[in-house]
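Please read the structure below before turning to the comments.
Model, not experiment: these values are computed from the prediction. Numbers restart at 1 for each chain; the letters A, B, ... are given by sequence-line order, proteins then strands.
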Amino acid sequence: MNLRTAAALAVLGLALSACGGGGGGGETPASTGSNGNGGLDASTFQSVDAFVAYLRQLVATADDTGEPLALPDGPAPTSDTTEPAA
Amino acid sequence: MNPSTFRLLPACLLALAAGGGALAASHREAPAITATPKVDATDLYLFRSYEAGRQDYVTVIANYQPFQDPQGGPNFYMFDPDALYEIHIDNTGDAVEDLSFQFRFQNTSKATALDVGGKQVKIPLINSGVVNGVNPATLNVRETYGIEVVRGQRRTGGRSAVTNASGGATQFDKPVDNIGDKAFGGTGAYAAYVAQHVYSVNIPGCGAPGRVFVGQRKEGFYIAVGKVFDLFNLDPLGPEVGGNNNDLEGKNVSTIAMELPIACLTANGDPVIGAWTTASLRQGRLLNGSPPSGLGQAAKNGGAWTQVSRLGMPLVNEVVIGLEDKDRFNAGKPKDDAALLDYVTNPALPALIQTLFPSAVAPTNFPRTDLVNVFLRGIAGLNRPQNVTASEMLRLNTSIAATAAGAQNPLGVAGGDNAGFPNGRRPADDVVDLSLRVAMGALCVLTGPTDTLQVGCGPGDAPAGGLALTDGVRKTAANYDVAFPYLTTPLPGNLNPAAAAGTTFP
């Protein structure tokens, strides 16, 4: 499954505001999304930067035929002290 | 311009409204916020408390979730547990928050189930019987919240929990919305139920306790908003009282109210404070295609808090900011307001009125220093900080004593009542009429030929500035409570009002 297909399997609501500032350090490359079993790779939830990087790639795709990926257990990573990623 | 000529003006106002958003204080005012009503700030009030014995306090009320029909069950209007609601205070005039009160909400299900044919089956409602007391067994979904006070920058400043003055708890129960009279044991029972959810709180760094209430209230804002949308289908020079009905009379709203010691809010001997409210969501949201059983499982939200709603002075993002920049304004910070300055110095509304109706002459002073002063700096001698950075927020001079409810003038300063708008804002202040008049140059007229208000213009600059523009709806303090949280008991879900005249139901 290529990146574009995998990313498009998820449904997303993302607001990337232009408020400036980084997400708390250098951003890591996005995961491929799928873990190969119809689920989202857990690495996507390892950090805010990984999460945002994945969402960035996801919103650049569109898939009208796929199913959403199952989400990993546990909460998505959050930050109460950083500004939104540009 | 004579009054008959001026009656043409509403059509122009409406043409603007159609392209620029609703003339409601901040209800669904920007394109993006219409998709997330739980975080849509509708009104902000800021005033010296006029409840007897509370003269040393300021009340600040931030309302959210517009146009609530009382019948909106079974979930009604809980706050968003994935959002951050904030009230910010700038007490140094630098357009940066010095104090922020942050509210986070949580919903907890009791998973109430009934034995149905030998199986335990969860009920589809948020209550299973009559609700009274705090978090009774009959309340299937408990909504709680915590409050933190942040001193300094809102994300990185030092933070500490606001605690219940009785027992020290850091979590507070929000009363469930007014489901209906039967759900609380009879007519009037809801008020008694809610009264148990007004908390005396200790705020770290404050020498005296404050009070907090979060819950549903009857919508306090008033306006003939439908007529405004309908090409301003009313007489703007008609009766100021009783000329039209309040279109929001049948609505409720969700309130975050705090009563705070004045000494806790002011700094450096300056009695003027500025306030605004914001709501933020996590930057990213992944919807869950197959959520498990339970509350809050439909999506996962991650990333930094991302501001999506902002409100200080009423009506700014509605009729001042251009449509293309309304979402930008909602995401912005006061310190960055210079980027939108043209909307204030060279406002579109009066210019369009004059274009469409040349006899309705707009103010001729550019930049519109009168608007800069009232919206961005505060009026000298009234509510301008000792050192001020131009920025949009609601400013209150806390050294001006409150006016007792029975003596308040809904026209505030323009009516000789300096304890009212634009020196803060009280529930009854008629910000619709006042904003219409200010847009057409009322301050230029009020300041007189010697510019006593120091707003940088005079009566000659505003030919229409002396007109008593109105939407025909007016309330007074008598329409509200005279004690915290001032906004009144919400309409019950069982209201079942008669059909409006001219409508037919099966």
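Considering only heavy atoms from C-beta on, A:Val52 comes within 4.5 Å of B:Gln283 through its side chain.
Across all non-hydrogen atoms, the minimal contact from A:Leu71 to B:Leu286 is CD1-O, 3.7 Å. In terms of heavy atoms, A:Thr82 sits closest to B:Ala304 at O-CB, 3.3 Å. Counting all heavy atoms, side chain and backbone alike, A:Pro68 lies closest to B:Gly289 at CG-CA, 3.6 Å. The minimum heavy-atom distance linking B:Lys300 with A:Phe51 is given by the pair O-CZ, 4.4 Å. Scanning all heavy atoms of the two residues, the minimum distance from B:Trp305 to A:Pro84 falls at O-CG, 3.3 Å.
Once rounded to the nearest 0.5 Å, the distance linking CG of B:Asn288 with CG of A:Leu40 reads 10.5 Å. With values rounded to the nearest 0.5 angstrom, A:Glu83 atom CD is found 6.0 Å from B:Arg154 atom CZ. With values rounded to the nearest 0.5 angstrom, B:Leu287 atom CG is found 12.5 Å from A:Leu69 atom CG. With rounding to the nearest 0.5 Å, the separation of CG in B:Asp82 from OG1 in A:Thr78 is 10.5 Å.
Neither the backbone nor the side chain of B:Gln102 comes within less than 4.5 Å of any heavy atom in chain A.
Although no hydrogens or angles enter the test, the distance criterion places a donor-acceptor pair under 3.5 Å between the side chain of B:Arg282 and the main chain of A:Ser79.
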